[in-house]
Each structure stands twice: as C-alpha cells, then as structure tokens.
Protein chains: 2
Amino acid sequence: MATETQRSTGRRRNPATRATILATAFAVVAELGYAGLTIEKVAARAGVGKQTIYRWWPNKGALVLDAVLERTAGAGPDGAPAELPDTGDLEADLSAVLVATVEEFADPDFDRALRGLTAAVIEDAELALAYRERLDGPMRELKKRRLRRAQEAGQLDPDVDLDLAVDLVFAPIAQRWTERSGDLTPDGARTVVRHALRGLAAP
Amino acid sequence: MATETQRSTGRRRNPATRATILATAFAVVAELGYAGLTIEKVAARAGVGKQTIYRWWPNKGALVLDAVLERTAGAGPDGAPAELPDTGDLEADLSAVLVATVEEFADPDFDRALRGLTAAVIEDAELALAYRERLDGPMRELKKRRLRRAQEAGQLDPDVDLDLAVDLVFAPIAQRWTERSGDLTPDGARTVVRHALRGLAAP
DNA sequence: TTGAAGAGACGAGACGTTTCGTCTTGACAA
DNA sequence: TTGTCAAGACGAAACGTCTCGTCTCTTCAA
C-alpha cells in the first residue's frame, strides 16, 4: 500500500502519478459514492493505465482508504496534529474537537468520501484493520491521551477504561452520522459531551 | 416493497415465492457478504426467475433490508416485541437489552447480514430512510418509551432529550461493532450502561 | 351458474452493456 | 537491465431489460 521503502534497480515510482490517482479517486468517490467508483473510471479520469492502479492497490477499498488518508493527513503539519487541545477545561476541549468533526461532516465531498470508506470498512475485515491502524487508531490515541491527563487531574473516574470513555463521548455523534438518524449540530455535540462527561466523572 | 393492499385483477402474488427469495437472500448475504450478493445468484439458488426479484425489489439494498426485516420481525409474536422490559430497575433493564444485542452480533450469520445492510444504508440515503422507518425507528421508539417512564419516575434528568439519551446508551456498542474497534462482551455492555445512565441521571 | 377473456405472476433465459482483473506492447527512466 | 508507465485487448461475470409460454385469479356476459 505504498509504504515500502525498498531500494531497487529499475525505474522509480512516480510520486506525481500516485498523487494524481489518489486525488482523482477522492473526487470520484465524492461525486459518485463508493458503489459508483470504478477503477476504470479513476484510471480514465486520471489519464493513467489501469495496471498502474492495480500495481499499487489491491482493490477499491485500499485505494479509497489511501485517498481519504491523503486528505485528512493534510490537516496537520507533518501527518496528523500531534495533540488535542488542552486548556485545562476538559468539556470545552472535547466539545471543540467534536464540533470540528461535525463541521467536517458538513462538507458534502468529505461526507460522501468518508461514507464510501466506512461502507467498505464494515464489510471488509482486512480493510477495517488497516483503517484502525492508520486512521482511527492514531486519532483514538490522541483522545485517550487527553482523557488520561484529565483522569490524572482527578476530573475523571480513575477506574474507568479510557477506550470506553472515548466511545461514550464520540460514538453517539458518529452513530448519528452513519445512520442519518438526526441532525448534526454543534449544540447537539456539546450536549453529548456534557452528559458523557457527567457519566465519567469521579464519584 | 410488498406493502400495498391494492385489489386488482390477474394472478395474485405468491407469498411462498416471496418467502423463499427473502430466505435465500439472507443466506447469500450471510455467506458472501453484501458485495458478494448478486441478484442472479439469489435467483438461481431460490429457483426463481430474475424478473420475479426485479419486479418486487428495485435493488440489492431493498432486498437485503426486507430479508433482515423478515428475520428480526420473527423475534416477536406479531412483528416486534411491544415493549422493553420494565422491572423498575432501569440499569438492569437496559443492560438486558444491550446484552441481548451483543449476543445477536455473536451469531456469524446475523453479523454478516446486518453488516451488509449497514454498508448499503451508509451510502444510500433512500434506503437509509426505509431502514429508519422500518427497523431502527420502531426499536428506538421502544427505547424512548422505557426511558420516558424512567424520566417520569425521576430516575433521569427531566431536561434531557430522549433521542440523545438513546444514543448515549446504545451508540458506543453499535459503533464498536461497525468499526470492529474492540471486543463485544456482556460486561462491556453493562459498563457502558452504568456510565451512560450516570451521565443522564437527575441532578 | 358457468365459462371465455383478460390481467398479471411466474420460471427460464437471451440480449447488449459495463466492469472486472489479467495480460501484452512499446516507450522510457533509473 | 530492471521496473514504471499509458494504452488497450481479453474472457468472465453481473448488470437490468426483454420476451416467451405457462399458470392462476378476477371479471363479466351468456
């Protein structure tokens, strides 16, 4: 999946081609959805041979994962933001993160691309592993770090499992997004954080 | 989607054929996943003409929704269970429901079928609407009814929105299932309920 | 009361189209 | 010499539409 660093003889891989393919894949999945995305379509639009795609990505899912990753990684300076905000006010910090997430979902391109990736991840266990390791995992780690500091500061139940805490804070909004079961508003996000934290507070 | 009650001339729809198609569709999606499910495959296995499927279902998604619905509906006597348990102990009642959900997910057939449906729902807004109206909505209504009684009994913050409360209690486990981000255990389910209810308790 | 006429469901499968993933070719860069 | 690249041919599979002949069921006139 394009993460090898092997030195070898022969012509080297063209990074511009890789970038073009990923940008095109993102555009296609944003426009037509995951089901509507076709390797042939991406190849044609990117002005690239099909084999050039098949050489580097085993299937649609891997391609879309890389395409989304390329976009979200662009948020931070060298990959991902190194740390979540920490002003000492846990509720405000988590609200800021969740509100930012809600605003990302409001972008139709990002919404459709992420929907495509999520649909693929649900069915494909192998892709789900790659997704966890490269997208969800790092983000979850940041959340856990922030919560751990709060826990050490006595703002959180010291016995609570941090993975559970992350789920309690972030899953309700994520779930609402996948199932389209309600509006996604900044206010709603803040209310979720308030109640979740109340449930996780030190006794 | 087979809910019309129009009287008309001509041969009537055969309920046995409908049942066979839905059972076959469930089996196929359980075995091969949503991406692996093909109308042709269902038709062949069910011993049915393709047109007989296309006549009644516009696409894969609608077919799988009906197939899953047919199964889950079989749980209750005349459709769905009319009410969630209400022993007066809110935490125990909700834990029982969530533990039952976790156990359903442990059935590989049900797991894969529901994964297929969820994958389709994420991408298809129209199918998502049908899913909400026929599967998620009725279940959510039961949950809200149970929570409303608790609210009236003073066990819950009277100002909290019931939809938010449902999400806070049930989304963490659901999210963990879709993303395969952790084990699904009865104990984990009970812990989620405990903390979620603490966050929703009357102040 | 009956029985022909019509409407629509059904199984079977042919049809043109699209996409799949593999493979080949010739140019080109390390 | 080795590997990347664009281009596209290739057979297999599934798509969704259609036509066919058979079968039930309703309607209506005799």
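Here is how names work: the chains are called A, B, and so on, in the same order as the sequence lines, proteins then strands, and each is numbered from 1.
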- Message: Between A:Asp66 and A:Trp56, do the side chains contain a donor N or O and an acceptor N or O under 3.5 Å apart?
- Response: no
Pairs under 3.5 angstrom only: tabulate donor-acceptor contacts from the side chains of residues 178-189 of chain A to other protein residues two or more places apart or in another chain.
residue: A:Thr178; atom: OG1; partner: A:Gln175; partner atom: O; Å: 2.9
residue: A:Glu179; atom: OE2; partner: A:Gln175; partner atom: NE2; Å: 3.2
residue: A:Arg180; atom: NH1; partner: B:Val121; partner atom: O; Å: 3.4
residue: A:Arg180; atom: NH1; partner: B:Ile122; partner atom: O; Å: 3.2
residue: A:Thr185; atom: OG1; partner: A:Gly188; partner atom: N; Å: 2.9
residue: A:Asp187; atom: OD1; partner: A:Arg190; partner atom: NH2; Å: 3.4

- Query: Taking N and O atoms by type only, does the side chain of B:Arg12 place a donor or acceptor under 3.5 Å from a partner on the base of D:dC25?
  - Reply: no
- Verify salt bridge (Lys or Arg N to Asp or Glu O under 4.0 Å) between B:Glu70 and B:Arg18, making sure each step is shown before the conclusion. CA-CA 11 Å; B:Glu70 199 79 353; B:Arg18 190 191 111 97; 3.0 Å; yes
- Item | Any side-chain heavy-atom pair of A:Leu197 and A:Leu168 under 4.5 Å | no
Write out a two-atom table: protein N or O, nucleotide N or O from nucleotides 1-4 of chain C, distance below 3.5 Å.
none

- Query: What ring-ring contact (aromatic ring centres under 6.0 Å, His included) pairs are there with at least one residue in residues 13-49 of chain B, not counting sequence neighbours?
  - Reply: none
- Reckon B:Trp56 has a side-chain N or O less than 4.0 Å from the OP1 or OP2 of C:dG8? no
- Has the side chain of A:Arg11 got a donor or acceptor atom sitting under 3.5 Å from an opposite partner on the base of C:dA29? no
- Letter per nucleotide, 5' to 3', of nucleotides 6-16 of chain D [B base touched, S only sugar-phosphate touched, - untouched; heavy atoms, 4.0 Å]: BB-B----BBB
- Message: Under the side chain to side chain donor-acceptor pair (under 3.5 Å) definition, can you give me all pairs with a residue in residues 116-127 of chain A, not counting sequence neighbours?
- Response: none
- Give the C-alpha distance, both sets of side-chain angles, the deciding distance and a yes or no for salt bridge (Lys or Arg N to Asp or Glu O under 4.0 Å) between B:Arg140 and B:Asp167. CA-CA 9 Å; B:Arg140 174 176 288 264; B:Asp167 287 343; 2.8 Å; yes
- Query: Please, which pairs that meet salt bridge (charged side-chain N to carboxylate O under 4.0 Å, His left out) have at least one residue in residues 85-101 of chain B, sequence neighbours excluded?
  - Reply: B:Asp86-B:Arg146, B:Asp86-B:Arg149, B:Asp93-B:Arg146
- What is the distance, rounded to the nearest whole Å, between atom CZ of B:Arg18 and atom P of C:dG8? 21 Å
